[in-house]
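Input: a single structure, listed below in structure tokens.
Lettering of chains follows the sequences in order, A, B, ..., and the numbering in each one begins at 1.
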Amino acid sequence: MTEFKSNFLNLMSSRGYIHQCSDEAGLDAAATDGIVTAYIGYDCTAKSLHVGNLISIMMLRKLQQAGGKPIVLMGGGTTKVGDPSGKDESRQLLTEDDIEANKKSIQKVFEKFLTFGDGPTDAIMLDNDVWLSELNYISFLRDYGRHFSVNRMLSFDSVKLRLDREQPLSFLEFNYMILQAYDFLELYRRHGCTLQMGGSDQWGNIINGIELGRRTDQAQLYALTTELLTTSSGAKMGKTAQGAVWLDADMLSAWEYWQFWRNTEDSDVGRFLKLFTECPLDEVARLEQLEGAELNEAKKILATQATALVHGEEAAQDCLKTATETFEAGGTSQNLPTIDMSAESLKMGIGILEAFVMAGLASSNSEARRLVQGGGAKLNDATVSDIKLQITPEHAVNDGTIKLSSGKKKHVLLKPV
RNA sequence: GGAGGGAUGCCCGAGUGGCUAAAGGGGACGGGCUGUAAACCCGUUGGCUAUGCCUACGUUGGUUCGAAUCCAACUCCCUCCA
């Protein structure tokens, strides 16, 4: 590991964020001499960011901790174009209304990680739609288009991938990298932003921005990327059965979020503690050394700290408590996800299959039936063997709730009201 | 505008008249082993008021006792030419 002079790069390096840097020495010097202003751009393609975006959010947080100024750039404009990087086919174009709604919803997350304000190192949030939608086609081409060589653009991975696979790449998407390069220049001019960070898939786009800045403004800009995050077994981070691991509590509960981290693979624990928690490095080193089942302690710390950042300390502690009660004491915690049901219909008797669907543990009666037949369905911790079983008020235990489980990990309480 | 190729289940992909709710793989879910891990092994994987019924191979019609498979028109996509 290289030793840096600046707090910023030392922090980034020691916690494993750095994959590639365009000019380590130059950036190190800049970060030592003054406040570095850096930005990361976020697409507005979904209502919430997910775990895959988390590493970059953490980078902005670390930047601020190390005395830099973070800029969160919402891609209100670039989302209208669509980033071809890493996708082998075009996405459906989103409407402007959708983009606007997504943008509003995404913004909330950042307030948990960054301090916004007017001070020199306070974070600011911008939307590139402000300048991109103002552009005049001809003058833009003459002022900036001439700095881009199509020959070179064709060699970029994001483009090459499509061409090699003979997948379509529209001219619209082809322009994405130019717009992203222009963003960097615009942020340099408006806010003195000299560093763009992002995942390694953004490297080409970032370098384009650096080049453009040098050619038009003789600016010295920098790129810093992280490894694209995968688990040790190679799976992309952030995808689970239900879909992405969202950061928004409305889309994924704190409990599920905690469980996601709790189920981290052994070999990822140390790496994730460094990237996704504020756990001191010597403590991480100690936790990493744990063997076998003891490593579960480290996973709980990982889960609780990571959850605290997104959902708050209190929610994280609740999750830890719930998990301990449920998995270690083998009991039933009242903090498990609870679904209300009608007490009236319970009196009439509710079919076990219907109950599993109601609890969200199965998407159809047939799926619930298969779950029962496969021996994975439990009612109050007892395996259900009869698909015709009727649930009645007599099944309500522990405070009048009924516990349904799918497999060992997923539990839901039904509460008659 | 011309010539050719394509559209199949969550995804990839086989299937060219009945044996097809549709091979195979991936993913996912459940079980086993374990530590709420990984790897590995086994099972499941359209829906329903269920020994039956309904829906489904781009859309709409047609041929046929019978169509994912044959025919026609249409929609969308790709490649090459202009």
Side-chain angles (χ1 to χ4, degrees), chain A residues 87-93 162-171 173 230-245 255-273 287-304 306-307 319-333 335-337 348-354 356-357 359-379 381-388 390 403-412:
Chain A
K87 300 187 189 75
D88 47 12
E89 54 188 52
S90 330
R91 285 255 183 103
Q92 186 111 39
L93 283 178
R162 291 278 186 91
L163 296 181
D164 289 349
R165 295 195 186 180
E166 302 192 348
Q167 296 280 356
L169 175 74
S170 67
F171 183 65
E173 295 170 287
T230 55
T231 66
S232 295
S233 34
K236 261 194 195 153
M237 278 290 286
K239 299 287 177 190
T240 67
Q242 286 75 33
V245 179
W255 165 250
E256 287 171 286
Y257 190 75
W258 193 94
Q259 284 296 319
F260 167 77
W261 291 106
R262 173 62 183 80
N263 285 307
T264 298
E265 291 178 28
D266 283 10
S267 43
D268 290 325
V269 173
R271 199 158 56 102
F272 287 0
L273 276 168
L287 291 169
E288 261 182 322
Q289 293 309 309
L290 296 175
E291 296 269 335
E294 289 187 356
L295 197 56
N296 285 335
E297 289 309 310
K299 290 187 189 179
K300 280 192 239 170
I301 292 169
L302 170 64
T304 307
T307 304
C319 292
L320 176 62
K321 187 160 156 271
T322 306
T324 309
E325 287 170 3
T326 307
F327 290 104
E328 289 171 33
T332 299
S333 165
N335 283 327
L336 284 169
M348 317 271 291
I350 290 182
I352 187 75
L353 302 183
E354 196 189 333
F356 269 87
V357 174
L361 293 172
S363 61
S364 67
N365 283 4
S366 295
E367 194 176 307
R369 180 178 301 108
R370 288 193 290 268
L371 185 66
V372 172
Q373 285 166 346
K378 292 200 187 76
L379 167 62
D381 296 314
T383 303
V384 179
S385 52
D386 178 11
I387 58 169
K388 295 234 168 77
Q390 291 286 312
K403 183 184 184 186
L404 295 179
S405 314
S406 164
K408 287 179 291 192
K409 294 187 192 175
K410 281 175 282 181
H411 309 280
V412 169

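Distance check, rounded to the nearest 0.5 Å: CD of A:E297 to CG of A:L302 gives 12.5 Å. In this structure, NZ on A:K403 lies 11.0 Å from CG on A:L379, to the nearest 0.5 angstrom.
Atom name C1', nucleotides B:G25 and B:U45: the rounded distance is 14 Å, in whole Å. The same atom, C1', is picked in B:G15 and in B:C76; the two are 23 Å apart, to the nearest Å. Separating the P atom of B:A72 from that of B:A82 is a span of 29 Å, rounded to the nearest Å.
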What does the 5'-to-3' dot-bracket notation of RNA chain B look like when only Watson-Crick and G-U wobble pairs under 3.5 Å count, and pairs to other strands show as |? ((((((((.[[[..)..(.....]]]((((((.......))))))(((...)))...[[[[[..)....]]]]]))))))).

Polar pairs (N or O, both sides) under 3.5 Å between protein and nucleotides 41-47 of chain B?
{"residue": "B:G47", "atom": "OP1", "partner": "A:S364", "partner atom": "OG", "Å": "2.9"}
{"residue": "B:G47", "atom": "OP2", "partner": "A:R370", "partner atom": "NH1", "Å": "3.2"}

Distances under 3.5 Å between protein N/O atoms and the N/O atoms of nucleotides 33-36 of chain B, please, pair by pair.
{"residue": "B:U34", "atom": "O4", "partner": "A:K408", "partner atom": "NZ", "Å": "2.2"}
{"residue": "B:G35", "atom": "O6", "partner": "A:D266", "partner atom": "OD2", "Å": "3.2"}
{"residue": "B:G35", "atom": "N1", "partner": "A:D266", "partner atom": "OD1", "Å": "3.2"}
{"residue": "B:G35", "atom": "N1", "partner": "A:D266", "partner atom": "OD2", "Å": "2.6"}
{"residue": "B:G35", "atom": "N2", "partner": "A:D266", "partner atom": "OD1", "Å": "2.6"}
{"residue": "B:G35", "atom": "N2", "partner": "A:N296", "partner atom": "OD1", "Å": "3.2"}
{"residue": "B:G35", "atom": "N2", "partner": "A:K299", "partner atom": "NZ", "Å": "2.8"}
{"residue": "B:G35", "atom": "N3", "partner": "A:N296", "partner atom": "OD1", "Å": "3.4"}
{"residue": "B:U36", "atom": "O2'", "partner": "A:N263", "partner atom": "OD1", "Å": "2.6"}
{"residue": "B:U36", "atom": "O2", "partner": "A:Q259", "partner atom": "OE1", "Å": "2.9"}
{"residue": "B:U36", "atom": "O2", "partner": "A:N263", "partner atom": "OD1", "Å": "3.4"}
{"residue": "B:U36", "atom": "N3", "partner": "A:Q259", "partner atom": "OE1", "Å": "3.2"}

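Residue A:I387 contributes atom CD1, which lies 11 Å from atom P of B:U51 at whole-angstrom precision. Atom pair A:F260:CZ and B:A37:P shows a separation of 15 Å (rounding to whole Å applied). One atom, CG of A:L361, and another, C1' of B:C29, lie 12 Å apart when rounded to the nearest Å. For A:F272 and B:A37, the CZ to P distance is 16 Å, given to the nearest whole Å.
For the pair A:S405 (side chain) and A:G407 (backbone), a donor-acceptor distance under 3.5 Å is absent. With A:K410 contributing its side chain and A:L361 its backbone, the two residues share no donor-acceptor pair below 3.5 Å. Here the side chain of A:T326 pairs no donor or acceptor atom with the backbone of A:A323 at under 3.5 angstrom.
The only member of A:V372, A:V384, A:T383, A:L371 that meets side chain to side chain contact (heavy atoms under 4.5 Å, CB included) when paired with A:K378 is A:T383. Between A:H411 and the choices A:W255, A:F327, A:F356, the ring-ring contact (aromatic ring centres under 6.0 Å, His included) rule is met once, by A:F327.
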Set out, in order, the CA-CA distance, both residues' side-chain angles and the distance that settles side-chain contact (heavy atoms from CB on, under 4.5 Å) for A:K300 and A:L320, then state yes or no. CA-CA 7 Å; A:K300 280 192 239 170; A:L320 176 62; 3.8 Å; yes

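Side chains of A:S363 and A:E367: a donor-acceptor N/O pair is present below 3.5 angstrom, by distance only. Looking only at atom types and distance, the side chain of A:K409 has a donor-acceptor partner in the side chain of A:N263 under 3.5 Å away.
The number of heavy-atom neighbours closer than 6.0 Å to CD of A:E328, taken from other residues, nucleotides and ligands shown, is above 12.
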